[in-house]
Number of protein chains: 2
Amino acid sequence: MTTRRATITDVAALAGVSVATASKALNGRDDVRATTRQLVIDAAAQLSFQPNVLAQGLLSGQTRTVGLLTSDMVGRFGIPVLLGAENAFGAGEMAVLLCDARGDAIREQHYIRTLLSRRVDGLIVVGESTDPRPSITKDVPVPVVYAYAPSDDPADVSFVPDDEGGARLAVRHLIATGRTRIAHITGPTTYKAATDRAEGVRETLAEAGLEQVGETLSGAWSQRWGRLAADMLLLNDPQIDAVFCGNDQIAAGFIEAARERGRRVPDDIAVVGYDNWEVLSEETRPTLTTIDPDLERLGHTAAQHLFAAIDGKATPGVHSMPTRLVIRDSTAPGIPDTPWQVSRGGSEA
Amino acid sequence: MTTRRATITDVAALAGVSVATASKALNGRDDVRATTRQLVIDAAAQLSFQPNVLAQGLLSGQTRTVGLLTSDMVGRFGIPVLLGAENAFGAGEMAVLLCDARGDAIREQHYIRTLLSRRVDGLIVVGESTDPRPSITKDVPVPVVYAYAPSDDPADVSFVPDDEGGARLAVRHLIATGRTRIAHITGPTTYKAATDRAEGVRETLAEAGLEQVGETLSGAWSQRWGRLAADMLLLNDPQIDAVFCGNDQIAAGFIEAARERGRRVPDDIAVVGYDNWEVLSEETRPTLTTIDPDLERLGHTAAQHLFAAIDGKATPGVHSMPTRLVIRDSTAPGIPDTPWQVSRGGSEA
DNA sequence: GAAATCACCTAAAAGGTTTTCGTAACGTAG
DNA sequence: CTACGTTACGAAAACCTTTTAGGTGATTTC
């Protein structure tokens, strides 16, 4: 809580030059003698001068600020994306204005207006599921990039996790470790994430000439459903030797129930989860092999493409971002087929 | 991606008045005829005019923007605080610039400079633990409010959860439900949160004339430690009828291990957790009675006090924010002493 | 009929920075 | 000594909005 902040006028006065010269000296432009430049720099340091970004932006029309519009920060998936994006912004000299519309379209409109009146250079919209969401690109005079939830307009720039590819990774890993009787438990079919992953399972098994054990079991994304599905599955199809679960919570529930039914994981049944939600995947017993959608990278990439779009180099289309297989103990420890781990999850502090 | 944005000059021209009149008309000031005002408003709507906040800020010296400096967004506690703060900002016409210093002091300094050059009206600093952190208030010409982690300067404005009070709530609840042989398992003593809660336990038991069973067991904040501690406790002090755990993960581990050892929860042993981390507290079997530190409210309150401070009405000191007891099934279902639940946690979507 | 009042509107300045253009000083070539 | 190029600096415009002070015309008052 000190006094008024120094302006470039103050700096110029202290250095005994005009504001124009001071500006040029501070911005490293030519046409200013080295000694004069140093004089100005010293003066600026002495006053701890910092250029007023508002004035700069007013003039240049660029604010070096982007808006980050999230539809529901409470959820688990928005945060890592946001984090990755913020990360990319911080690297440059960009700043990010955060708005959480909390799934409310009215609120979203309000925030869009607010962000525009603040003259953001671009917008990144992060959704809470992989289902397409309404495009806002046409209502907005700046570039927009969609992360996690793609825009429903394929001409927009969207980044989504490759759920189908993730499922492939999981199933291939199970097959590689010698499993052949593989089941799939997942979340509500109303989620594109669930159907995409199921499709990945189907295709990969077909390619390997294997048949999926039972139908894909769809329920909630919860541990409870994982336990329930495990009971059903172990009753109806006791011969299974592996199960790929649509998320880590289902997997955790499955492992718990399977153990109570006397099935050993991974010896009798291998289990793969999805999301690599470490509070769960590292706390199950055994720890959980899972697919990491690498959301932080997704957010980072989305942000970088927003920069590109701001520079006029947009990359339209829906881009699928690769996922990673994180091998832990719930699948075949020490099986010779997979001598090298693709990736091993670190431990939390 | 349209053309140049309209300025108030365009609006004035279209309405056939001067910019001054246009400004007054749009800002609801006097000295403008109703018909003229409507003319201007229509023109503004037609051009979808939005005042340039940069120009407004340049003039008024206020940006209606605050910086939100978080030390580690990856952690669990920063997010709800952030959410509550964002919530409070959105209600007014404030916007929030998000910066994640990721626990790095250098980075933090950098962000502070960035935020200041953007002329934020205030700063809210959210930490990742309840341990005091270095004050930055003196380096900064705008009001600062600390949330979750207090400033080490007691003259600053800080908001922290009342961990001691939370522990009191937990222990009183256990006593009220008829438990008398109560143990406490918690996290590392290097955390103020752990020692504060332990102190709350000690005092409350003393007030009730009860003796704590065994020493407070300090370990990691993990489910693993909860299981381990359960084994130790059940071996050394088999007579316990309740345990208060320093967080929900420890509690989840405890419940798991206790069940494996044949102890029924809550019939034989009641368990209370801390944090109300719903992915855990609602998925344990039985569901977990726990203390909700109400972090979202903490963030909200901090933001509101930042507004007050910006208006010159600062409220110095470290403010303890009350916690809530969330009763679920791990403590005495249907015990007559507590006919009304203080609060019941909702379920996740 | 002149003066005072009123309602409505405009011109201009202010806010901080960057950039363009102008200009002064100086050196060099003719 | 003139003409011109170079170097270093300064004046002023531009960005967009709000506010203050002032101005115009119409109406009222004595």
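Remember, predicted model here, so these are calculated numbers, not experimental data. Letters A, B, ... mirror the listed sequences (proteins, then strands); counts begin at 1.
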When rounded to whole Å, the CG to C1' distance for the pair Leu54(A) and dT18(D) reads 15 Å

Thr36(B) has its side chain closest, among dT19(D), dC9(C), dG15(C), to dC9(C)

Residue Arg29(A), side-chain atoms from C-beta onward, closest of dT19(C), dG16(C), dA12(C): dT19(C)

The nucleotide from dA11(D), dC9(C), dT17(D) with an atom nearest the side chain of Leu59(B) is dT17(D)

Find the distance between CZ (Arg133(A)) and OG (Ser158(A)) and round it off to the nearest 0.5 Å. 9.5 Å

Please report the interatomic distance CD(Gln56(B)) to OG(Ser23(B)), rounded to the nearest 0.5 Å. 8.5 Å

Residue pair Arg119(A)/Val17(A) against DNA chain D: nearer the 5' end by closest nucleotide is Val17(A)

Rounded to whole Å, the CZ-P distance (Arg118(A) to dT17(D)) equals 15 Å

Which nucleotide in the list dC9(C), dG16(C), dC9(D) gets nearest to the side chain of Leu58(B)? dG16(C)

Output the single nucleotide from dT19(C), dA11(C), dG15(C) whose closest atom is nearest the side chain of Ala20(B). dA11(C)

Among the nucleotides dC9(C), dG16(C), dT18(D), whichever has the atom closest to the side chain of Asp31(B) is dC9(C)

For atom CZ of Arg64(B) and atom P of dT17(D), their distance in whole Å: 17 Å

Nearest whole angstrom, please: distance from the P of dT17(C) to the CZ of Arg5(A). 11 Å

Atom pair distance, as rounded to whole Å: CG in Leu47(A) and P in dT17(C): 11 Å

Kindly compute the distance separating CD1 (Ile8(A)) from OG1 (Thr21(A)), expressed to the nearest 0.5 Å. 9.5 Å

Mark yes or no for whether Asp121(A), through its side chain, and Thr63(A), through its backbone, hold a donor-acceptor pair below 3.5 Å. yes

Could you tell me the separation between the CE atom of Met94(B) and the CD1 atom of Ile310(B), rounded to the nearest 0.5 Å? 4.5 Å

Under 4.0 Å, counting only non-hydrogen atoms across every strand here, what does Ser60(A) touch: a base, just sugar-phosphate, or nothing? nothing

How many Å lie between CD on Gln38(A) and P on dC9(D), as a whole number? 13 Å

Here the gap from Tyr146(B) atom OH to Thr137(B) atom OG1, rounded to the nearest 0.5 Å, amounts to 3.0 Å

Looking at dC9(C), I'd like to know if its phosphate oxygens (OP1 or OP2) sit under 4.0 Å from a side-chain N or O belonging to Arg33(B). yes

Of the candidate nucleotides dT10(C), dA11(D), dT18(C), which contains the atom at the shortest distance from the side chain of Ser18(A)? dA11(D)

Atom-to-atom span, CD1 of Ile8(A) to P of dG10(D) - whole angstrom: 12 Å

Return no unless some side-chain N or O of Thr21(B) is found under 4.0 Å from OP1 or OP2 of dC9(C). no

Return the nearest nucleotide to the side chain of Asn52(A); candidates are dA12(D), dC8(C), dG16(C). dG16(C)

Between Gln56(B) and Ala34(B), whichever has its closest DNA chain C nucleotide further toward 5' is Ala34(B)

When rounded to whole Å, the CZ to C1' distance for the pair Arg37(B) and dC9(C) reads 13 Å

Under-3.5 Å donor-acceptor pair between Lys24(B) side chain and dT10(C) base: yes

Where each residue is assigned the nucleotide of DNA chain C containing its nearest heavy atom, which of Phe49(A) and Val19(B) is assigned the position nearer the 5′ end? Val19(B)

